[in-house]
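Presented below is the structure to which this report refers.
Computation of the quantities below employed the complete heavy-atom set of this structure, encompassing side-chain atoms and omitting hydrogens, waters and symmetry-equivalent molecules.
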Number of protein chains: 2
Amino acid sequence: MPDKNLKKQLIIEAAIDVFSKNNFQNSTISQIAQKAEVAEGTIYQYFKNKEDLFFSIPVEKTKDFCRELELHLQGITGAFNKIRKFIWYYLYFFKMNPEYGRTLMLEMRVNKGFAKTKSYSSFKNLTDRILEIIKEGQEEGVIRKDVNIFITRQLILGILEHVVTRWLLKGEQYDLLEHCDEVNKLIIHGIGLTTDLNGLKRWREGQ
Amino acid sequence: MPDKNLKKQLIIEAAIDVFSKNNFQNSTISQIAQKAEVAEGTIYQYFKNKEDLFFSIPVEKTKDFCRELELHLQGITGAFNKIRKFIWYYLYFFKMNPEYGRTLMLEMRVNKGFAKTKSYSSFKNLTDRILEIIKEGQEEGVIRKDVNIFITRQLILGILEHVVTRWLLKGEQYDLLEHCDEVNKLIIHGIGLTTDLNGLKRWREGQ
DNA sequence: ATTCGTAATTGAATTTTGTTCATTAATAAT
DNA sequence: ATTATTAATGAACAAAATTCAATTACGAAT
C-alpha cells in the first residue's frame with residue numbers, strides 16, 4: 001500500500017521539478033519519466049494524462065499552506081490583527097515556495113479546469129477563512145457593512161495575487177515581504193486620505 | 001498592400017474565435033486554418049509560430065482599449081472622479097469584449113513572454129495612466145503619500161483583474177458592472193470603518 | 001518450493017499536432 | 001509575352017502525448 005503511493009509521489013516530485021523550471025507547455029512526459037526513473041507508460045498508470053498529473057502537483061502543498069496558516073492565526077484576536085497576519089503569511093509562503101507559486105499563480109488559478117480539482121478544494125479553505133475574518137470584523141464593528149463581503153474578499157485576494165504574480169513574472173528579484181505593511185495599510189484604509197468627517201459619518205451610517 | 005493585411009486579419013479573426021473557445025494548448029493550427037479557409041502553411045507565412053499568432057491577437061483591441069479610455073476620461077476633473085471612471089470603463093470594456101478578456105486575463109497576462117509583446121506595450125499605457133492619476137491625487141492632497149505609488153496602483157489593478165478573472169472563470173453569468181460602486185468605495189476608503197481620529201491624524205502626518 | 005494469478009512496468013507502436021519545404025499559382029514588372 | 005517575385009499550398013517531417021501487447025515482479029495458495 002505505501003509502495004503504490006511511493007511511486008506516485010516519486011513521479012509528482014519529478015513533475016514539480018520539471019514543470020516549475022519550464023512550464024506546462026514546454027515540459028515533456030519523457031523528461032518527467034527520466035527524472036523519476038520510470039518508463040513513460042508508468043506515468044499513465046497513475047495519472048489520466050499530462051494535465052491530470054499537472055493538477056495533482058499542488059494538492060499536498062496547498063494543504064500545508066492552509067494548515068500552517070491556521071497555526072499562525074492561533075492566539076491572535078481582533079479582525080485587523082488577523083488580516084495583518086494573513087497578509088504576512090500569504091506573502092511569506094510564496095516567498096518560501098516560489099516553484100509552488102509559479103505553478104499555482106501562473107498556470108492553475110487561471111485554468112477553467114482548476115475549480116474541479118482537489119487543489120482547489122484545499123485552496124477554498126483559505127479563501128473561506130478570510131471571509132470568516134471579514135464577518136468577524138463586521139461584528140466587531142471595525143469593517144464596513146455597506147459592501148458585499150465577497151467583494152471585500154476580492155479586494156484582499158486581488159492585491160495579494162497581483163503582488164505575487166508581478167513578483168514571479170519579474171523573476172523573483174526582490175523581497176516579496178518588502179511592502180507587507182503598505183499593502184496592509186491600503187487594504188484597511190484605502191488609497192484615500194480624506195478629511196471629510198461628514199463623509200466618514202455617512203459611511204458609518206451606511207452599515 | 002491592403003490585400004496582405006486583409007489575409008493576416010482574416011487569420012487573426014479565426015484565431016480569436018478558436019483560441020477563446022478552447023485555450024492555447026487545446027487549439028490547433030489546423031482548426032484555425034480551416035476557419036480562416038487557408039492552408040496551414042499559409043499561417044506560417046504571416047506568423048513565426050503558434051505562440052506568435054497567439055500574441056498578435058490582442059494588439060489592436062488593446063490599442064482600442066487605451067484610446068477609448070482616454071476619451072472617457074476627457075473633461076473629468078479630480079483624481080477620485082477619474083478613478084471612478086477608470087474602474088467603470090475597465091469593467092465595461094471586458095463586459096463588452098469577453099473573448100478578449102479570456103485571452104488577455106487567463107493566458108497572456110500570466111505568461112512570461114507577454115512583457116516582450118506589442119500588446120504589452122499598449123497595455124502599459126493603461127497602467128501608466130492610472131499611475132498619473134494617482135500622482136495627481138497626491139498633489140491634490142486626496143490620495144495618501146505614505147504608500148509607494150506602485151503598490152497603490154497594484155491595489156487598483158489587483159482587485160479589477162481579480163473581479164474580471166473570477167467573472168470569466170464563472171462563465172460570465174452575471175453582470176460585471178454590478179459591483180462597480182462597491183469596488184470604488186473599497187479602493188478609496190478601504191475595508192476599515194475606523195473612528196480612530198487620532199489614527200487618521202497620524203496617517204496624514206505620515207505623508 | 002513451485003505454481004498460479006494478479007498487478008505493475010515497460011518501451012515500441014500509434015496518433016496527434018506544430019513546423020518545414022519543395023512545388024504550384026498568382027501577381028507585378030519590364 | 002516573358003520573366004521575376006511573392007503568396008499559397010498540402011504533403012512530408014519531427015516531436016511529443018498516449019496506448020497497448022508483451023514482460024516482469026509479487027503474493028497467495030497448494
Ring pair (Phe, Tyr, Trp, His ring centres under 6.0 Å) contacts in which one or both residues fall within residues 12-41 of chain B, not counting sequence neighbours:
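Pairs touching residues 12-41 of chain B that pass the test: Phe19(B)-Phe24(B), Phe19(B)-Phe54(B), Phe24(B)-Phe54(B).
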[X] has an atom [atom1]; how far is it from atom [atom2] of [N], in whole Å?
{"X": "Asn26(B)", "N": "dT16(C)", "atom1": "CG", "atom2": "P", "value": "14 Å"}
{"X": "Tyr44(A)", "N": "dT18(D)", "atom1": "OH", "atom2": "C1'", "value": "5 Å"}
{"X": "Asn49(B)", "N": "dT17(C)", "atom1": "CG", "atom2": "P", "value": "17 Å"}
{"X": "Ile11(A)", "N": "dA8(C)", "atom1": "CD1", "atom2": "P", "value": "12 Å"}
{"X": "Ile29(B)", "N": "dA15(D)", "atom1": "CD1", "atom2": "C1'", "value": "15 Å"}
{"X": "Lys48(A)", "N": "dT19(D)", "atom1": "NZ", "atom2": "C1'", "value": "16 Å"}
{"X": "Gln31(B)", "N": "dG18(C)", "atom1": "CD", "atom2": "P", "value": "8 Å"}
{"X": "Lys50(B)", "N": "dT17(C)", "atom1": "NZ", "atom2": "C1'", "value": "8 Å"}

Excluding sequence neighbours, so at least two apart, what forms salt bridge (Lys or Arg N to Asp or Glu O under 4.0 Å) with Lys95(B)?
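By the salt bridge (Lys or Arg N to Asp or Glu O under 4.0 Å) rule, Lys95(B) matches Asp175(B).
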List in chain and number order the residues that pass salt bridge (Lys or Arg N to Asp or Glu O under 4.0 Å) with Glu132(B), two or more places apart in sequence or in another chain; answer none if no residue qualifies.
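For Glu132(B) the salt bridge (Lys or Arg N to Asp or Glu O under 4.0 Å) partners, ignoring immediate neighbours, are Arg129(B).
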For Tyr100(A), check ring pair (Phe, Tyr, Trp, His ring centres under 6.0 Å) against everything at least two apart and list the hits.
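Applying ring pair (Phe, Tyr, Trp, His ring centres under 6.0 Å) to Tyr100(A) gives Phe93(A), Phe94(A).
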Can you give one letter per nucleotide of nucleotides 9-14 of chain C, going 5' to 3': B for a protein heavy atom under 4.0 Å from the base, S for sugar-phosphate only, - for none?
BBB---
Qualifying residue, where the test is salt bridge (charged side-chain N to carboxylate O under 4.0 Å, His left out) with Glu161(A) and the options are Arg166(A), Arg153(A), Arg109(A)
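With Glu161(A) as partner, Arg166(A), Arg153(A), Arg109(A) yield a single salt bridge (charged side-chain N to carboxylate O under 4.0 Å, His left out), made by Arg109(A).
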When the side chains of residues 77-84 of chain A are checked against the rest of the protein, which donor-acceptor pairs come out under 3.5 Å, sequence neighbours left out?
unit_1	atom_1	unit_2	atom_2	d
Asn81(A)	ND2	Thr77(A)	O	3.0
Lys82(A)	NZ	Glu136(A)	OE1	3.1
Lys82(A)	NZ	Glu136(A)	OE2	2.8

